[in-house]
Amino acid sequence: FLINLEKSKDEIYKNLDRHSCQKNIERSIKRGVKVEELTEKTLPEYYELINNMREEAGRERSDFKILEHRWRKFKPLGYSGFLARKDGKPIGGLLFSYMSRHIIEIGVARSKEDTENHLYSQDLLKWKIIEWGIENNMKYYDLTGFNPEPISEKEEGIIRYKKKWGGTPYYYYRIL
């Protein structure tokens, strides 16, 4: 799903699903979630957030040195991210690359607190990336892949989540 960032901010916002997207952004703000752009100084907080999520899913922790190296290497080429906080504590994060005026999201991190308390940090983070993209003259925000023929409830949920952002689906095929 690609969101056209050459449209006005108001037009993009009006195109978001009113009940499952606009309301979640507004709820997140009302619940005191604040978003800031990641820096090398706040990267360790993002690292802990994503590793806590990995551990809860039964996956192995990643190596901070690899993340730090990638950050330093790719930041000047078009690599950034945002961190969401509630009462100063990190609750969500999202990395993205931006090359050729095209934003591609990667590295979703979400805390248990965010999920359990319905803070909707991921919706607010995406909205902040959209705003950033408009301000920085980006052309598209790519919500990345989905299975066009879902085979599970999880895959159906992924499509629903991405559709609510009002983007246009583009289908690419890969040969295995």
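Sequential numbering from 1 along the given sequence is applied to the chain's residues. Just the heavy atoms: all of them, side chains too, but no hydrogens, waters or symmetry mates, feed the values below.
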The reported gap from CG in L94 to OG in S80 (rounded to nearest 0.5 angstrom) is 10.0 Å

Between L83 and L125, is a side-chain contact (heavy atoms from CB on, under 4.5 Å) present by the stated rule, with each step listed? CA-CA 7 Å; L83 190 64; L125 284 161; 5.8 Å; no

Can you tell if the side chain of M53 reaches within under 4.5 Å of the side chain of S111, non-hydrogen atoms only?
no

Check whether K164 reaches the backbone of S20 with its side chain - one donor and one acceptor, N or O, closer than 3.5 Å.
yes

Legend entry - Over 12 foreign heavy atoms within 6.0 Å of CZ, R54: yes

**Any W71 side-chain heavy atom under 4.5 Å of E40 side chain** = yes

The side chain to side chain donor-acceptor pair (under 3.5 Å) partners of Y13 (sequence neighbours excluded) come to E26

All heavy atoms of G133 vs all of I103, minimum pair found to be CA-CD1, 3.7 Å

ask   = Ion pair present between R61 and E55, side-chain N to carboxylate O less than 4.0 angstrom?
value = yes

Closest heavy-atom pair, R101 versus N137, reported as atoms and distance to 0.1 Å, is NE-O, 2.8 Å

Worksheet entry | Cluster link Y79 to I104, ILVMFWY, side chain under 4.5 Å | no

Looking only at heavy atoms, the pair that brings S121 and G92 closest together is OG-CA, 3.6 Å

Sidechain N-carboxylate O distance under 4.0 Å for E105, K126:
yes

Heavy-atom closest pair (L38 atom, L95 atom, distance to 0.1 Å) is CD1-CD2, 3.4 Å

Rounding to 0.5 Å, atoms CD (E156) and CD1 (I159) come to a distance of 7.5 Å

Nearest heavy-atom contact between I3 and I12 is CG2-CG2, 4.1 Å

Do I50 and L124 belong to the same hydrophobic cluster, where Ile, Leu, Val, Met, Phe, Trp and Tyr are linked whenever their side-chain heavy atoms lie under 4.5 Å apart, directly or via other members?
no

Exercise. In plain terms, say whether R85 and E45 are close enough for a salt bridge, that is, a side-chain N and a carboxylate O under 4.0 Å apart.
Key: yes

OH (Y141) and CD1 (I134) are apart, to the nearest 0.5 Å, by 12.0 Å

**OP:** Check the pair F74, S97 against side-chain contact (heavy atoms from CB on, under 4.5 Å), reporting the backbone distance first and the verdict last.
**Re:** CA-CA 9 Å; F74 294 120; S97 66; over 6 Å; no

Sidechain N-carboxylate O distance under 4.0 Å for D17, K163: no

Heavy-atom closest pair (W127 atom, I25 atom, distance to 0.1 Å) is CB-CD1, 3.7 Å

- Query: With side chains defined as the heavy atoms from C-beta onward, is the minimum distance between R70 and L67 less than 4.5 Å?
  - Reply: yes

Within the 6.0 Å centroid threshold, strictly below: W132 and F96 = yes

Exercise. Could you check whether the rings of H118 and Y120 sit parallel, tilted or perpendicular, using 30° and 60° as the cut-offs?
Key: tilted

Any K112 side-chain heavy atom under 4.5 Å of E56 side chain: yes

Can any side-chain N or O of D63 pair as donor or acceptor with the backbone N or O of K65 at less than 3.5 Å?
yes

| query | With ring centroids as reference points, do F1 and W165 lie under 6.0 angstrom apart? | reply | no

Presence of salt bridge, E68 and R72, under 4.0 angstrom
yes

Note to self: Any heavy-atom pair between the side chains of V35 and K128 that's under 4.5 Å?
What the structure shows: yes

Is there a donor-acceptor pair closer than 3.5 Å between any side-chain N or O of K86 and the backbone N or O of R31?
yes

inquiry  = Counting only heavy atoms from other residues, nucleotides and ligands, does the tally under 6.0 Å from NZ of K75 exceed 12?
reply    = yes

- prompt: Could you walk me through whether K9 and E135 pass the salt bridge (Lys or Arg N to Asp or Glu O under 4.0 Å) check?
  reply: CA-CA 10 Å; K9 184 170 135 178; E135 291 167 12; 5.7 Å; no

key: Beyond-backbone contact of K89 with E113, side-chain heavy atoms, under 4.5 angstrom   = yes

Item checked: Backbone of K41 reached by a side-chain donor or acceptor of T39 within 3.5 Å -> yes

Applied to residues 14-60, the ring pair (Phe, Tyr, Trp, His ring centres under 6.0 Å) test, sequence neighbours excluded, yields Y47-F64

If you define the side chain from C-beta out and look only at heavy atoms, does anything of L119 sit under 4.5 Å from R27? no

CG (L2) and NZ (K162) are apart, to the nearest 0.5 Å, by 11.0 Å

Rounded to the nearest 0.5 angstrom, the CD1-CZ distance for I91 and R110 is 8.5 Å

Flag the pair R160 and E155 as a salt bridge only when some basic side-chain nitrogen lies within less than 4.0 angstrom of an acidic carboxylate oxygen.
-> no

Judged by atom type as modelled, is there a donor-acceptor pair below 3.5 Å linking the side chain of N4 to the main-chain atoms of Y140? no

Rounded to the nearest 0.5 angstrom, the CD-CG distance for Q22 and N15 is 9.5 Å

* Joint cluster assignment, F82 & L49, ILVMFWY side-chain distance < 4.5 Å -> no

For residues 22-44, the ring pair (Phe, Tyr, Trp, His ring centres under 6.0 Å) pairs (sequence neighbours left out) are none

